[in-house]
Amino acid sequence: MSLSGNILATIAYFDAFDLPLTSFQIWKHLIALDQDVTKPESVPLGDVVAVLDDPELRGRIASRDGFFFLPGREDTVSERIRSEKVAVAKLKRVRRLASVLRLLPFVRMIGITGSLAMKKGKSDSDWDFFVVVRAGRIFTGRTILTGFLQAIRRRRHGMCIRDRACLNYFVTEDNLTIPTEDLFSANEYMCIIPLFGKETFLRFMLRNRWIARFKPDFRQTEALPLWTVPDSRKTVAVRSAFERLLDSDVLENWLGSWQKEKIMRNPNTRHEGGYIEASDRTLVFLPHPHGPVIYEKFRKRLGEVRLRG
C-alpha cells in the first residue's frame with residue numbers, strides 16, 4: 001500500500017467518527033493497511049505533508065482551515081473545533097476527579113478511551129473508563145470504584161449519562177494485553193489518556209506493541225499527557241492503608257460470585273455480537289461494541305473515495 005493510499009485510508013477512517021485531521025494528526029495516526037509485514041516503517045512527517053500536496057490525492061480529499069477531510073464533509077471542521085473545546089472542559093473535570101480516584105484501594109490505573117480520548121466531546125456525553133486493578137482483587141476493586149462513583153453521582157446508569165463514568169472494561173495488572181487485535185482497538189488504545197498510574201500505563205503500552213502493525217507511529221514513550229495526575233508518597237500511603245483493611249480473599253470470592261451472577265442475569269449479556277467477559281482477570285461488558293459499526297462506515301467511505309480516482 002502506497003503512502004498516499006494509507007493517508008487516504010486514515011482520513012476515511014476518522015471520517016467515520018466525523019473527525020477531520022490536521023497534517024500532524026494524519027502523520028501521528030497514520031494507518032497501515034498492508035498487514036503482510038510485522039511492523040510497517042515509521043513515516044517522516046515531511047513525507048506526509050508532501051504527499052498531501054500531491055494533485056492526485058488532492059482530487060480525492062478536501063481541506064479547510066488546516067484540516068483534511070473527505071469531499072462534501074466541510075461541516076465536520078467547525079464541529080471538530082466546537083467538540084474539542086467541549087472535550088477539554090470535560091477532561092479538566094475528569095482530571096480533578098482522578099486526584100481522588102487514585103486513592104481508592106486496588107485501582108492501579110484509569111484511562112479515558114472512546115470519543116473523549118480523541119478530543120471529541122458532546123455536552124451530554126459520558127466518560128469511558130478503562131480500569132486496571134491489582135491482580136486477585138478485580139471484584140473488590142470494581143465494587144469500591146463503582147460504589148464511590150455512585151455515591152458522588154458520577155457513575156453512568158439508566159438515563160444518567162452526562163459527565164458520568166461508564167465502567168465497562170476492567171482488567172488486572174497481570175493481564176494488560178488487549179485480545180482484540182484489530183484496527184478499531186489499535187486506534188482506541190493508541191489514543192487512551194491515562195488519568196493516573198504511570199508505571200501501569202507504560203507496561204500496558206509495552207504489552208500492546210501489536211498496535212504498531214496498524215499504526216506505524218506507535219511507540220513507547222515516557223512522556224505523559226497533561227491530564228495525567230502524578231502519584232506521591234502520600235497518595236501511595238493512603239491507598240496502601242485502605243488496601244490493608246480490605247485485602248481479603250473471602251470478600252473477593254463473595255463479590256466475584258455475586259457480580260458474575262448479576263452479569264449473567266443481565267439480558268444484554270446474550271445480545272448477538274456483544275463482547276461480554278467475566279473472569280478473575282477481565283470484566284468486560286460491551287453488549288453493543290462500536291468496532292464493527294465504525295469499520296463498516298470506514299470500508300464504505302474508503303470504497304467511495306477510491307472510485308473518484
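- Each of Ile263 and Leu286 belongs to its own hydrophobic cluster when Ile, Leu, Val, Met, Phe, Trp and Tyr are linked at side-chain heavy-atom distances under 4.5 angstrom.
- The minimum heavy-atom distance between Ile193 and Leu116, with the atom names listed, is CD1-O, 4.5 Å.
- The pair Glu296-Arg299 meets the salt-bridge criterion, since a charged nitrogen lies less than 4.0 angstrom from a carboxylate oxygen.
- Proximity of a side-chain donor or acceptor of Ser125 to a complementary backbone N or O of Gly121 within less than 3.5 Å is not detected.
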Going through the checks in order, is the side chain to side chain contact (heavy atoms under 4.5 Å, CB included) test met by Thr143 and Phe106? CA-CA 10 Å; Thr143 301; Phe106 309 117; over 6 Å; no

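- Atoms CZ and OH, from Phe204 and Tyr189 in turn, are 6.5 Å apart once rounded to the nearest 0.5 Å.
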Begin from the C-alpha positions of Ser115 and Lys122 and carry the test side chain to side chain contact (heavy atoms under 4.5 Å, CB included) through to its verdict. CA-CA 9 Å; Ser115 58; Lys122 294 182 179 180; over 6 Å; no

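- Gln259 places a side-chain heavy atom less than 4.5 Å from the side chain of Leu283.
- Rounding to the nearest 0.5 Å gives a distance of 9.5 Å between CD1 of Ile161 and SG of Cys166.
- The two residues Pro289 and Gly274 have their closest heavy-atom pair at CD-CA, 3.9 Å.
- Checked against Phe14 for a side chain to side chain contact (heavy atoms under 4.5 Å, CB included), the options Asn187, Ile294, Ile26 give a single hit: Asn187.
- Counting non-hydrogen atoms of other residues, nucleotides and ligands closer than 6.0 Å to NE2 of His290 gives a total of 12 or fewer.
- Between Leu255 atom CG and Thr140 atom OG1 the span is 5.0 Å, to the nearest 0.5 Å.
- When atom types are taken as modelled, the side chain of Arg134 and the backbone of Gly141 share no donor-acceptor pair closer than 3.5 angstrom.
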With salt bridge (Lys or Arg N to Asp or Glu O under 4.0 Å) as the test, would you mind laying out the steps for Asp163 and Arg154 before giving the verdict? CA-CA 7 Å; Asp163 289 342; Arg154 281 292 173 260; 5.9 Å; no

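- A donor-acceptor pair is defined here as one N or O able to donate and one able to accept, closer than 3.5 Å; no such pair exists between the side chain of Thr282 and the backbone of Ser279.
- In terms of hydrophobic clustering, with Ile, Leu, Val, Met, Phe, Trp and Tyr side chains grouped at heavy-atom distances under 4.5 Å, Leu21 and Ile81 are assigned to different clusters.
- Closest non-hydrogen pair, Arg209 versus Leu206, comes out as NE-O, 2.9 Å.
- A donor-acceptor distance shorter than 3.5 angstrom exists from the side chain of Arg102 to the backbone of Pro230, with no hydrogens or angles considered.
- Atom CG of Leu195 sits about 8.5 Å away from atom CG of Leu97, to the nearest 0.5 Å.
- Residues Val49 and Phe24 are not in side-chain contact: their nearest non-hydrogen atoms beyond the backbone lie 4.5 Å or more apart.
- Linking ILVMFWY residues whenever their side-chain heavy atoms come closer than 4.5 Å, directly or via other members, leaves Met109 and Phe129 in distinct clusters.
- Judged by distance alone, with hydrogens and angles left aside, the side-chain atoms of Thr22 form no donor-acceptor pair with the main-chain N or O of Gly66 at under 3.5 Å.
- With respect to Asp15 and Lys297, no salt bridge is recorded, no charged nitrogen being found less than 4.0 Å from a carboxylate O.
- Around CZ of Phe242, the count of heavy atoms belonging to other residues, nucleotides or ligands within 6.0 Å does not exceed 12.
- Two residues are said to be in side-chain contact when any heavy atoms from C-beta on lie closer than 4.5 Å; Arg80 and Leu19 meet this criterion.
- The CD atom of Glu252 sits 9.5 Å away from atom CG of Asp247, with the distance rounded to the nearest 0.5 Å.
- Counting only heavy atoms from C-beta outward, the side chains of Arg239 and Val236 approach each other to under 4.5 Å.
- Proximity of a side-chain donor or acceptor of Thr180 to a complementary backbone N or O of Ser185 within less than 3.5 Å is not detected.
- In terms of heavy atoms, Val229 sits closest to Phe196 at O-CB, 3.5 Å.
- Proximity of a side-chain donor or acceptor of Arg153 to a complementary backbone N or O of Arg164 within less than 3.5 Å is not detected.
- In this structure, the side chains of Asn6 and Val43 stay at 4.5 Å or more apart for every pair of heavy atoms.
- Ala87 and Lys120 get closest at one heavy-atom pair: CB-N, 3.9 Å.
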Working note: Arg82 + Glu79, criterion salt bridge (Lys or Arg N to Asp or Glu O under 4.0 Å); need CA distance, chi angles, decisive distance, verdict. CA-CA 5 Å; Arg82 187 201 66 80; Glu79 176 59 25; 2.8 Å; yes

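- Checked by atom type and distance alone, the side chain of Asn175 pairs as donor or acceptor with a backbone atom of Arg281 at under 3.5 Å.
- Within 6.0 Å of the NZ atom in Lys119, the count of heavy atoms belonging to other residues, nucleotides or ligands does not exceed 12.
- When atom types are taken as modelled, the side chain of Arg301 and the backbone of Phe298 share no donor-acceptor pair closer than 3.5 angstrom.
- Looking at Ser248 and Trp254, their side chains never come closer than 4.5 Å, going by heavy atoms from C-beta outward.
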Go through it in stages, so that I can follow the logic: the residues are Glu261 and Arg265, the test is salt bridge (Lys or Arg N to Asp or Glu O under 4.0 Å), and I'd like the CA-CA distance, side-chain angles, deciding distance and then a yes or no. CA-CA 6 Å; Glu261 182 181 350; Arg265 285 203 314 265; 3.3 Å; yes

Candidate pair Ile178 and Phe130, rule side chain to side chain contact (heavy atoms under 4.5 Å, CB included), full reasoning: CA-CA 11 Å; Ile178 299 297; Phe130 176 85; 4.0 Å; yes

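- Residues Phe170 and Ile112 are members of one and the same hydrophobic cluster, defined by side-chain heavy-atom contacts under 4.5 angstrom among Ile, Leu, Val, Met, Phe, Trp and Tyr.
- Among all heavy-atom pairs drawn from Cys191 and Ala117, the shortest one is O-CB, 3.4 Å.
- The residues Arg137 and Asp280 are annotated as not salt-bridged, no charged nitrogen and carboxylate oxygen being separated by less than 4.0 angstrom.
- No side-chain heavy atom of Phe285 sits less than 4.5 Å from a side-chain heavy atom of Leu167.
- In this structure, CG on Leu70 lies 8.5 Å from OG1 on Thr76, to the nearest 0.5 angstrom.
- The side-chain heavy atoms of Leu33 and Leu302, taken from C-beta on, include a pair separated by under 4.5 Å.
- In this structure, a donor-acceptor pair under 3.5 Å is present between the side chains of Thr172 and Asp174.
- Ring geometry for Tyr275 versus Tyr169: interplanar angle over 60°, hence perpendicular rather than tilted (30 to 60°).
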Full working for side chain to side chain contact (heavy atoms under 4.5 Å, CB included) between Arg64 and Ser78: CA-CA 10 Å; Arg64 196 189 95 190; Ser78 55; 4.2 Å; yes

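- Among residues two or more places apart in sequence or in another chain, the side chain to side chain donor-acceptor pair (under 3.5 Å) test is passed with Glu243 by Arg108.
- The cluster map of Ile, Leu, Val, Met, Phe, Trp and Tyr, joined by side-chain heavy atoms under 4.5 Å apart, puts Ile152 and Val94 in the same cluster.
- Heavy atoms from other residues, nucleotides or ligands lying under 6.0 Å from NZ of Lys28 number 12 at most.
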